[in-house]
Every structure is written in C-alpha cells, then in structure tokens.
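Working notes, structure below.
Note on naming: letters A, B, ... go to the chains in the order of the sequence lines (proteins, then strands), and numbering restarts at 1 for each one.
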Amino acid sequence: MKHLDLHTLGPIIALIALIILGALLNPAFLAPANITNVLARSAFIGMIAVGMTFVITAGGLDLSVGSMAAFLAGIAIIAMNTVLPYLGPNWGTILIGMAVALTGGLIAGYLNGALVTKARIEPFIVTLGTMGIFRSLVTWLADGGTLSLEYGLRTLYRPVYYGGIGWITWPIIAFAVVALLGEWMMRHSRFGRHVEAIGSNDRVARYSAIDVGRVRLMTYLLLGMLVGLAVVLYVPRLGSASGSTGVLWELEAIAAVIIGGTALKGGRGRVWGTVVGVLILSMIDNILNLADLVSPYLNGAIQGVIIVLAVVLQREKRTAEER
Amino acid sequence: MKRRSLMKAAALVAAMGMGSAAVAQDDRTVIGVSIPSATHGFMGGLNWHAQDTIRRLGETYPNIEFVLSTASDPARQVNDIEDMMATRNIDALVVLPFESEPLTAPVAAVKDAGKFVTVVDRGLSQDGIEDLYVAGDNTAFGRVAGEYFADNLDEGAKIVVLRGIPTTLDNERVEAFQAALEGSGVEILDMQHGNWNRDDAFTVMQDYLSKYPEIDAVWAADDDMAIGVLEAISAANRTEEMWVIGGAGMKEIVGRIMEGDPQLPVNVTYPPALISSAIEMTALNFVSNAPMKGRFIIGSQLITPENAEQFHYPDSPF
C-alpha cells in the first residue's frame with residue numbers, strides 16, 4: 001500500500017515542482033489574476049479530459065473532440081444569430097445556443113459511440129473519421145472564414161467566461177464541479193466500476209453480465225456532453241469559431257489523461273490525476289510565456305520533455321512495485 | 001461481398017467519367033489553381049477571393065476552364081499538382097506553395113512540361129522556374145508597421161510583439177519591423193508566437209499582461225491575433241493603456257478603424273486578394289497580347305480612418 005501511495009503521488013509532485021519553479025522565475029505567477037487565467041484556460045481541455053478519462057478507461061479513444069468542439073461552437077453561434085431577430089438579445093437566445101451545444105454534443109458522442117459499439121469499428125478509425133468530418137463541416141459553415149456572434153449577444157454572454165464569484169470565474173467553477181462528479185462516478189458509482197472492468201478485460205466483464213456495449217456507448221455520450229459544456233463556456237470568450245478552433249485539443253486531453261496516471265490500454269482510470277495533468281500542461285505554457293527561459297522556437301520541445309518525464313517517473317515506480 | 005463489389009463498380013464508373021471529361025476539354029485552355037486550404041482567417045479570405053475570381057473569369061472567358069484544389073499540407077499539394085498534370089491536362093498552373101522547399105521540384109516539373117507557371121506569395125527555393133511571380137511585400141509589411149510605432153510612440157515606450165507561425169515569411173516581417181524601430185528608443189519587451197490564431201494570441205497576451213505592468217502598444221501582426229489580443233486586454237481592464245496594430249485588413253478590424261476606434265488606430269494591408277491578381281494575369285496571358293511575365297509585388301499600405309473605406313470588403317469572410 002505504501003508503494004502505491006508513492007507512485008500515485010507522482011503527478012502531484014510534478015505539479016508542485018512546477019508551481020515552485022514558476023513562482024521563483026516570476027513573482028507574477030502567483031498573482032490572483034494569473035491563477036485565474038491559467039485555471040480558466042485549463043477548464044475547456046479539463047472538462048473534455050475528464051470525459052476522455054472514462055472513454056480511455058473503458059478501452060476506447062476519441063480523436064474527434066477538438067474538431068467536435070469547433071463544430072459545436074459553430075452551430076451554437078449560428079443558432080443564436082438565427083433566433084436573435086425573433087427573440088432579441090436576451091438570455092433566452094443564449095439558452096437556446098447552450099442547448100444546441102449540449103444536444104449537439106450528445107448527438108455527436110452518440111454517433112461516435114454507436115459506430116464503435118454497434119458497427120464494431122475500431123475507435124481510432126471511427127474518431128479519426130469524425131475528426132475530419134467535424135473539422136470540414138465547421139470550415140464549410142464558416143465559408144473558410146470565421147463565424148462570429150452578433151455584437152449585442154456577445155456583450156450579454158461575455159460574463160459567462162469572464163465573470164464569476166470574485167476571482168473564481170464560472171469556467172473554474174464548472175471545471176471543479178465536473179472534476180468532483182467525475183471522481184465520484186469513477187470511484188463510487190456502479191458505472192465507474194463497470195468502466196474499469198470493461199477496460200481491464202471486456203470478455204470477463206461480459207461474462208459478469210455487464211452490458212459492455214451500453215456502458216461503452218455511455219462513455220462516449222458523457223464525453224460528447226462534456227465537449228458541449230466546454231463549448232458553452234468557450235463561445236463567450238472570443239465570441240467566434242473557425243476552422244482553427246480547438247486544433248489539437250484531442251491530443252492535449254489525451255496527454256493530460258495519461259500524465260494523470262490512467263492507462264492508455266484501459267482498465268485503470270484516475271479522474272483527479274487527469275485534473276493534475278491538465279494543470280501541468282497549461283502551467284508549462286504559462287511559465288514559458290512568463291519567463292524568458294528559452295527561445296520561443298523551443299517551447300514545444302520543453303513541453304514534450306516534461307510530458308515524457310512525468311510519465312517515465314510513474315512507470316519506473318510502477319515496475320518497482322510489481323517486482 | 002456483394003456490397004464491396006458494388007463499391008468497386010461505382011469507383012470504376014466515377015473514374016471513367018472523369019477520364020471522358022478530361023478528353024472533352026482538350027480544345028480549351030485549362031488553368032490549374034493550387035492553394036492551401038482555409039485553415040485561418042487570411043487563408044479563408046484567400047480561398048474566397050480565388051473562388052470569386054474563378055467564377056467571374058469563367059463567365060467572362062468561356063473558353064478558359066479552371067481547376068481549383070485546396071490542400072491541407074505540402075505533401076497533399078504535391079499530389080494535387082501531379083493529379084492536375086495527369087488527369088486534367090492543364091495549360092497553366094497558379095500555385096501558392098505551402099512551403100518553398102517541398103514544392104520546388106514538383107512545380108519545376110510542371111514548367112519542364114512546357115506549362116505557364118505562376119507562383120504566388122511564397123517564392124520557390126530555386127530562381128527562374130516561374131513565368132510570373134505575384135506576391136505581397138513582407139518586408140514592407142513589417143517596415144510600415146514599425147515606422148508607425150516609431151513615429152507615434154515616445155522614446156522609452158514599451159511594446160510587445162506577437163509573432164506568427166515560425167516561417168521565413170514571419171522572420172522577414174519581424175526583421176523589417178525591428179529595423180524600422182532602430183534608433184527610435186522604443187523598447188520591445190517580448191516576442192512570442194501566437195501562430196496567427198485567436199486562441200493562442202489570447203493566451204500569450206494574457207501572460208504578457210501578467211508579466212509586464214506597463215505596455216504602451218502591441219504589434220499583433222495579424223488581425224486574427226489582434227482579435228484575441230483585444231479580448232485579453234479588455235478582460236484585464238487595461239484598454240485605456242495601449243493600442244494594437246494588427247495586419248492584413250480583416251473586415252471587422254477595418255470597420256472599427258473606419259469608426260475611429262482609439263484602440264485600433266491603423267492597420268497594414270497584406271491583401272488576400274493577391275490570388276485574384278495572379279489568376280487574372282495568368283488568364284490574360286492566354287486571351288490577350290499583354291506581356292504577363294515577370295515579378296509583380298503588391299505593396300503593403302497603411303490603412304487609416306481616412307482611407308479605410310477602400311479596403312473594406314463586407315462580402316469576404318475575412
């Protein structure tokens with residue numbers, strides 16, 4: 001048990017080391033405004049990564065989330081602009097936009113999940129396909145340019161990203177709630193136990209009377225809904241969506257999940273680890289911008305080194321424990 | 001099994017259809033246009049102008065046919081050009097190379113086959129391949145912006161810069177910008193890559209604002225980045241403190257310059273419509289006696305509230 005504690009603490013130790021490093025390099029790092037920025041920025045990837053933890057733990061994968069986010073942002077903006085002349089710039093219009101994003105997320109998640117579980121296609125291929133589809137659709141909807149929310153609606157909708165309770169803005173609150181619920185579901189709900197059982201051995205899970213297809217489908221639905229929720233909070237930030245929205249979000253989300261200690265082959269999920277992984281990733285970016293450590297050309301390399309190191313550290317401890 | 005053979009048959013029919021279409025086109029002039037796909041605002045505008053020009057020229061010159069392809073990476077662009085040569089039998093190629101190096105050999109092969117070649121915006125790595133070169137002026141783009149900063153800021157003023165995707169094009173702009181600032185006493189606090197992307201620029205600007213208590217102006221170098229920068233500044237409640245110069249003339253930004261927004265005093269053009277000049281001149285080569293070979297460099301101009309109207313294209317997506 002002691003060994004287990006040590007190695008599960010790996011990501012947290014890395015996070016604390018990063019926080020100390022950031023504070024030493026630039027005192028502005030710990031200023032409340034900067035902390036708000038970093039946490040609010042992490043919220044989009046964070047909520048998606050929590051959903052991704054369930055999908056990966058059940059032995060699946062979803063490469064389409066970044067494109068899906070761009071597409072959902074696109075249709076939500078179009079929906080709001082369309083109903084604006086009838087309803088006027090009020091919260092009703094914005095609620096319709098939010099509903100479109102969330103329902104769209106559920107439908108997109110169902111599409112991915114059904115293709116994986118009902119048509120029995122490899123999740124990598126299914127979501128690689130839908131990734132291209134969603135990305136092209138948003139570029140097509142925007143006519144190659146950018147879809148922008150009408151100005152009046154933007155002013156009204158803006159506080160959803162920038163406002164909140166004191167310096168704790170709504171995206172941070174939403175991320176925290178999603179993380180807590182996710183952690184509870186993974187640890188204490190029947191759904192969470194089924195997800196882990198399927199990921200570690202789906203045949204045994206099937207013999208234990210678990211409806212494997214249904215549970216897998218549910219993980220994609222959950223992820224789709226969380227992408228929708230991320231979009232609800234993303235749209236008020238810049239009020240626009242284009243073909244370059246959400247590029248590589250899928251890889252950031254998957255990286256955060258793995259850094260957090262969830263196994264890529266499935267079977268072991270750790271939602272709080274994912275949250276730590278997301279924070280590590282966005283803090284690296286923030287620290288590199290705040291401190292002139294290296295040439296900006298090398299930012300990607302530093303990020304790569306830290307990601308690999310974080311996982312290598314966990315691995316060594318795990319093999320030691322298995323011995 | 002049945003379904004699979006059905007699909008094979010469908011593919012065969014499609015291939016035959018394309019083949020017969022190519023044969024039917026032999027008596028006409030075919031101009032191939034190969035450009036990168038609409039991955040960000042500027043390229044979106046460029047795609048729109050390309051399609052618009054092709055539609056317009058197709059009506060004006062019924063005997064010219066256009067083949068447009070958009071590629072998402074250099075390797076696909078090479079494939080596109082090879083396909084145009086093999087199946088569409090093009091007489092001329094208008095190409096905006098994704099990257100100079102990988103496209104040089106394939107475009108040289110088109111030239112060797114005796115076709116008219118127009119290169120747009122990004123030069124090939126070997127001189128003398130193209131018949132016509134149409135490009136924006138990246139050095140002027142950086143210089144014009146730099147001169148505005150030098151003329152309108154006091155000595156000791158502090159500015160931050162957002163760079164694009166690391167490329168030679170970006171380097172040329174930034175070097176010219178720095179050269180124009182030399183001796184003015186304006187200090188560049190920081191230069192990070194915002195990758196011509198709204199979200200990235202937003203993040204970088206937020207971090208600049210945390211890092212530097214005093215910033216007098218921002219060179220965002222691109223209007224997509226300017227949008228992200230403006231949003232970050234307004235979230236930090238520092239709109240009064242600094243102005244922002246973008247670039248390329250996005251319609252929303254030009255609109256705000258027309259209204260005299262104090263936060264956006266001017267803009268520098270780098271018109272996505274340069275693809276229209278290139279396509280038009282290539283078409284003219286086939287329908288007129290006007291000489292169309294050589295280099296055509298489109299200057300970068302300063303958009304001010306006085307002249308903004310002539311740079312405003314409300315129909316373009318950019």
Side-chain angles (χ1 to χ4, degrees), chain A residues 25-38 40-41 44 70 132 135-136 138-148 151 154 158-159 161-163 169 234 236-249 282 285-292 295-300, chain B residues 35 37-51 70 72 160-163 166 171 189-213 223-224 227-232 234-238 250-252 272 315-318:
Chain A
L25 286 170
N26 192 331
F29 179 73
L30 289 178
N34 191 53
I35 294 174
T36 306
N37 285 348
V38 173
R41 249 180 240 170
F44 312 131
R135 178 72 60 203
S136 305
V138 68
T139 312
W140 175 70
L141 286 174
D143 204 4
T146 305
L147 290 162
S148 297
Y151 188 75
R154 282 206 52 200
R158 222 171 157 267
Y161 180 81
Y162 295 99
T169 56
Y234 169 82
R237 185 164 93 170
L238 295 173
S240 64
S242 69
S244 59
T245 300
V247 170
L248 294 184
W249 281 11
S282 52
D285 259 345
N286 182 242
I287 290 172
L288 288 172
N289 280 340
L290 285 182
D292 306 295
S295 149
Y297 294 136
L298 288 174
N299 280 5
Chain B
I35 53 178
S37 53
T39 46
H40 57 272
F42 175 79
M43 275 303 165
L46 192 128
N47 273 262
W48 183 83
H49 281 290
Q51 287 171 20
T70 63
S72 53
V160 290
V161 173
L162 284 97
R163 305 188 55 165
N171 291 345
L189 293 171
D190 215 329
M191 294 205 273
Q192 299 277 348
H193 291 278
N195 303 324
W196 293 317
N197 176 299
R198 289 184 184 198
D199 288 304
D200 291 357
F202 176 84
T203 310
V204 170
M205 191 64 210
Q206 273 197 331
D207 291 343
Y208 280 163
L209 290 165
S210 309
K211 192 175 173 186
Y212 303 108
D223 286 338
D224 261 323
I227 300 262
V229 165
L230 289 171
E231 206 55 65
S234 109
N237 288 324
R238 287 169 71 175
M250 181 191 283
K251 63 178 177 191
E252 286 87 358
D315 293 339
S316 159
F318 184 65

>> If I measure from the heavy atoms of chain B, does A:Leu147 come under 4.5 Å with its side chain, its backbone, both, or neither?
In response: neither

>> So which atom in B:Ile227 and which in A:Leu238 form the shortest heavy-atom distance, rounded to 0.1 Å?
In response: O-CD2, 4.5 Å

> chain B: which of A:Ala142, A:Ala28, A:Ser240, A:Pro27 shares the most heavy-atom pairs with it under 4.5 Å?
Replying inline: A:Ser240

>> Could you measure the distance from the CD1 atom of A:Ile35 to the OG atom of B:Ser210? Nearest 0.5 Å is fine.
In response: 10.5 Å

> Considering only heavy atoms, which portion of A:Ser242 lies under 4.5 Å from any heavy atom of chain B: side chain, backbone, both, or neither?
Replying inline: neither

> Which atoms form the tightest heavy-atom contact between A:Ser244 and B:Asn197, and what is the distance?
Replying inline: O-ND2, 3.4 Å

>> Given 3.5 Å as the limit, does a donor-acceptor pair link the side chain of B:Lys211 with the main chain of A:Asn289, or not?
In response: yes

>> With rounding to the nearest 0.5 angstrom, report the CG to CG distance, A:Asn34 to B:Asp207.
In response: 6.0 Å

>> Around atom OH of B:Tyr212, are there more than 12 heavy atoms from other residues, nucleotides or ligands closer than 6.0 Å?
In response: yes

>> Salt bridge or not between A:Arg41 and B:Asp199? Use side-chain N to carboxylate O under 4.0 Å.
In response: no

>> If you apply the rule side chain to side chain donor-acceptor pair (under 3.5 Å), what do you find for B:Ser234 with A:Arg158, and how did you get there?
In response: CA-CA 11 Å; B:Ser234 109; A:Arg158 222 171 157 267; 2.6 Å; yes

>> Is A:Tyr234 in contact with chain B via its backbone, its side chain, both, or neither, using a 4.5 Å heavy-atom distance?
In response: side chain

>> With a 4.5 angstrom heavy-atom cut-off, is it the side chain or the backbone of A:Asn26 that approaches chain B, or both, or neither?
In response: side chain

>> So for B:Thr203, is it side chain, backbone, both, or neither that comes closer than 4.5 Å to the heavy atoms of chain A?
In response: both

> Using a cut-off of under 4.5 Å for heavy-atom pairs, which of B:Arg163, B:Met250, B:Arg198, B:Glu252 has the most such pairs with chain A?
Replying inline: B:Arg198

> Which bit of B:Asp190 comes within less than 4.5 Å of chain A, counting heavy atoms only: side chain, backbone, both or neither?
Replying inline: side chain

> Any idea which of A:Asn286, A:Val38, A:Thr139 has the most non-hydrogen atom pairs under 4.5 angstrom with chain B?
Replying inline: A:Asn286

